[in-house]
Amino acid sequence: MTEHEIALVTGAAQGLGLATARRLARDGYRVAVNDVVDDGRLSALAKDIDGLVVSGDISDPAVTTAMVRRVDDAWGPVTVLVANAAYMTMSPFLEADTADWWRHIDVNLSGHFRLVQAVVPGMRAAGSGRIVVIASGWCVIGHPNATAYAASKAGLIALTKGLGRELGPQGILTNAIAPGFVDTEQLQVDADDAGISLDEMRRRYADGVPIGRIASPDDIAGAVSFLAGPLSSGMVGQILQPTGGITRTRA
């Protein structure tokens with residue numbers, strides 16, 4: 001990696017995105033950070049890591065184009081894209097709202113599809129690039145009341161496989177991470193759906209993980225760092241599953 005490597009992390013105001021932005025900054029990347037709006041958290045993060053705020057809803061094609069253009073104008077082409085932004089609600093499948101279903105698809109899948117389209121020309125011009133897609137362990141094993149979320153994230157795995165074959169010969173390497181239970185703000189959605197406290201949700205999830213704990217955001221950020229860096233040069237179209245053993249041991 002050179003000092004000119006430029007990363008764009010979506011969904012960076014909290015959780016995995018926040019930890020990933022901080023990790024990549026420590027690794028020496030210049031990091032542009034995105035979330036739907038800048039409520040102060042993105043600005044604070046950018047100040048801490050000497051980054052660039054590019055807020056906006058990635059489900060809007062005009063937003064994705066403008067985001068990438070702003071990074072390019074400020075620093076040059078994005079050479080590392082971390083596709084992390086996500087939308088999630090939970091409900092029984094037969095009660096799922098059609099508009100909510102499409103919101104999952106528009107953000108989690110289509111938004112990053114368009115963002116990849118926006119960054120690839122710059123990666124081609126730079127001669128290389130890394131695309132790290134954040135999928136979900138739930139799209140591998142499923143989860144009650146999260147069918148729309150899991151389906152949208154499963155689409156990201158297919159996207160990763162296709163991009164790996166199509167862009168790999170051009171030096172643009174695409175891989176994905178499918179985390180298991182991670183201690184982020186998203187756990188509150190799970191707890192609310194289950195009708196229990198956040199602490200009880202953490203305990204129940206940890207009880208079902210072979211290593212006895214749920215992951216921290218930094219655990220996943222470390223996997224992103226690996227896929228974004230030179231040590232992963234032989235990996236294309238792969239799905240890393242840092243789940244503490246859930247996807248390896250469950251039928």
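Nothing fancy with the numbering, it's 1 onward along the sequence.
For Leu24 against Ala228, the heavy-atom pair with the smallest separation is CD2-CB, 4.3 Å. For the pair Ala135 and Pro179, the tightest heavy-atom approach, listed with the atom from each and the gap, is O-CD, 3.6 Å. The nearest pair of heavy atoms linking Val107 to Ser59 is CG2-CB, 4.1 Å. Nearest approach of Ser136 to Tyr149, heavy atoms of both residues: OG-CE2, 3.7 Å. Residues Leu42 and Asn34 approach most closely at CD1-C, 3.8 Å, considering heavy atoms. Nearest heavy-atom pair across Gly15 and Glu185 is N-OE1, 3.4 Å.
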Inset, instruction - Start with the C-alpha distance between Arg26 and Ser225, add both sets of side-chain angles, then the distance that settles side-chain hydrogen bond (donor to acceptor under 3.5 Å, both in side chains), and finish with yes or no. - result: CA-CA 10 Å; Arg26 291 197 301 271; Ser225 174; over 6 Å; no
Inset, instruction - Please report the C-alpha distance between Asp199 and Ser197 in whole Å, then the side-chain angles of each, then the deciding distance to 0.1 Å, and finally whether the side-chain hydrogen bond (donor to acceptor under 3.5 Å, both in side chains) criterion is met. - result: CA-CA 5 Å; Asp199 285 342; Ser197 70; 5.6 Å; no
Inset, instruction - List the steps, then state whether side chain to side chain contact (heavy atoms under 4.5 Å, CB included) holds for Arg30 with Leu52. - result: CA-CA 8 Å; Arg30 304 189 79 175; Leu52 177 68; over 6 Å; no
Inset, instruction - Take Asp35 and Arg41 through the side chain to side chain contact (heavy atoms under 4.5 Å, CB included) test and state the conclusion after the steps. - result: CA-CA 9 Å; Asp35 218 295; Arg41 291 178 296 175; 5.6 Å; no
Legend entry - Residues Leu81, Val116; criterion side chain to side chain contact (heavy atoms under 4.5 Å, CB included); working and verdict: CA-CA 8 Å; Leu81 171 64; Val116 170; 3.8 Å; yes
Legend entry - Full working for side chain to side chain contact (heavy atoms under 4.5 Å, CB included) between Leu8 and Leu115: CA-CA 10 Å; Leu8 170 58; Leu115 196 53; 4.3 Å; yes
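Here the CE atom belonging to Met67 is positioned 13.0 Å from the CG atom belonging to Asp72, to the nearest 0.5 angstrom. Atom CZ of Phe93 and atom CH2 of Trp101 lie 7.0 Å apart (nearest 0.5 Å). Distance check: Arg204 CZ to Phe181 CZ gives 12.0 Å after rounding to the nearest 0.5 Å. One finds the CZ atom of Arg130 at 7.5 Å from the OH atom of Tyr29 (value rounded to the nearest 0.5 Å). One distance of note links OG1 of Thr64 with CZ of Phe113; it measures 10.0 Å at 0.5 Å rounding. Taking CZ from Arg202 and CD1 from Ile196, the interatomic distance works out to 11.0 Å, rounded to the nearest 0.5 Å.
The closest side-chain heavy-atom distance from Asp183 to Ser216 is not below 4.5 Å. Proximity of Val33 to Ile49: side-chain heavy atoms (C-beta onward) are separated by under 4.5 Å at one or more points. Contact of the Ser91 side chain with the Asn145 side chain is not registered, since no non-hydrogen atoms from C-beta on lie closer than 4.5 Å. Under the 4.5 Å side-chain criterion, counting only non-hydrogen atoms from C-beta, Arg124 is in contact with Ile172. Residues Met88 and Asp190 have side chains in contact (heavy-atom distance under 4.5 Å, counting atoms from C-beta outward). When side chains are defined from C-beta on, Ser152 counts as touching Ile105, because their heavy atoms get closer than 4.5 Å. The shortest side-chain heavy-atom distance between Asp60 and Arg114 does not fall under the 4.5 Å cut-off. Two residues are said to be in side-chain contact when any heavy atoms from C-beta on lie closer than 4.5 Å; Val133 and His112 fail this criterion.
In this structure, the side chain of Asn108 does not engage the main chain of Lys153 through any donor-acceptor pair within 3.5 Å. Remark: side-chain polar atoms of Arg70 are paired, donor with acceptor, to backbone N or O of Val53 under 3.5 angstrom. Checked by atom type and distance alone, the side chain of Asp38 pairs as donor or acceptor with a backbone atom of Gly40 at under 3.5 Å. With hydrogens and angles ignored, the 3.5 Å screen pairs a side-chain donor or acceptor of Gln238 with a backbone N or O of Val236. Not a single donor-acceptor pair under 3.5 Å links the side chain of Thr79 to the backbone N or O of Glu5. Within the 3.5 Å criterion, the main-chain N or O of Asn84 finds a donor-acceptor partner in the side chain of Thr10. Counting only distance, with no hydrogens or angles, the side chain of Asp218 and the backbone of Ala19 share no donor-acceptor pair below 3.5 Å. Between the Asn175 side chain and the Ile177 main chain, no donor and acceptor come within less than 3.5 Å of each other. Looking at Thr65, its side chain never comes within 3.5 Å of a backbone N or O of Ala62 through a donor-acceptor pair. In this structure a side-chain-to-backbone donor-acceptor pair under 3.5 Å is missing from Tyr205 to Leu187.
Between Asp73 and Arg69 there is no salt bridge, since no side-chain N of the basic residue sits under 4.0 Å from a carboxylate O of the acidic one.
Placement of Trp75 and Met123 within a single hydrophobic cluster is found when ILVMFWY residues are connected by side-chain heavy-atom separations under 4.5 Å, directly or transitively. Hydrophobic cluster membership differs between Leu173 and Val78, with clusters built from Ile, Leu, Val, Met, Phe, Trp and Tyr side chains linked at under 4.5 angstrom. Under a hydrophobic-cluster definition in which Ile, Leu, Val, Met, Phe, Trp and Tyr are linked whenever side-chain heavy atoms come within less than 4.5 Å, directly or via other members, Val189 and Val36 are assigned to different clusters.
Around the CZ atom of Arg165, the shell of radius 6.0 Å holds no more than 12 heavy atoms that belong to other residues, nucleotides or ligands. No more than 12 heavy-atom neighbours from other residues, nucleotides or ligands sit within 6.0 angstrom of CD on Glu166.
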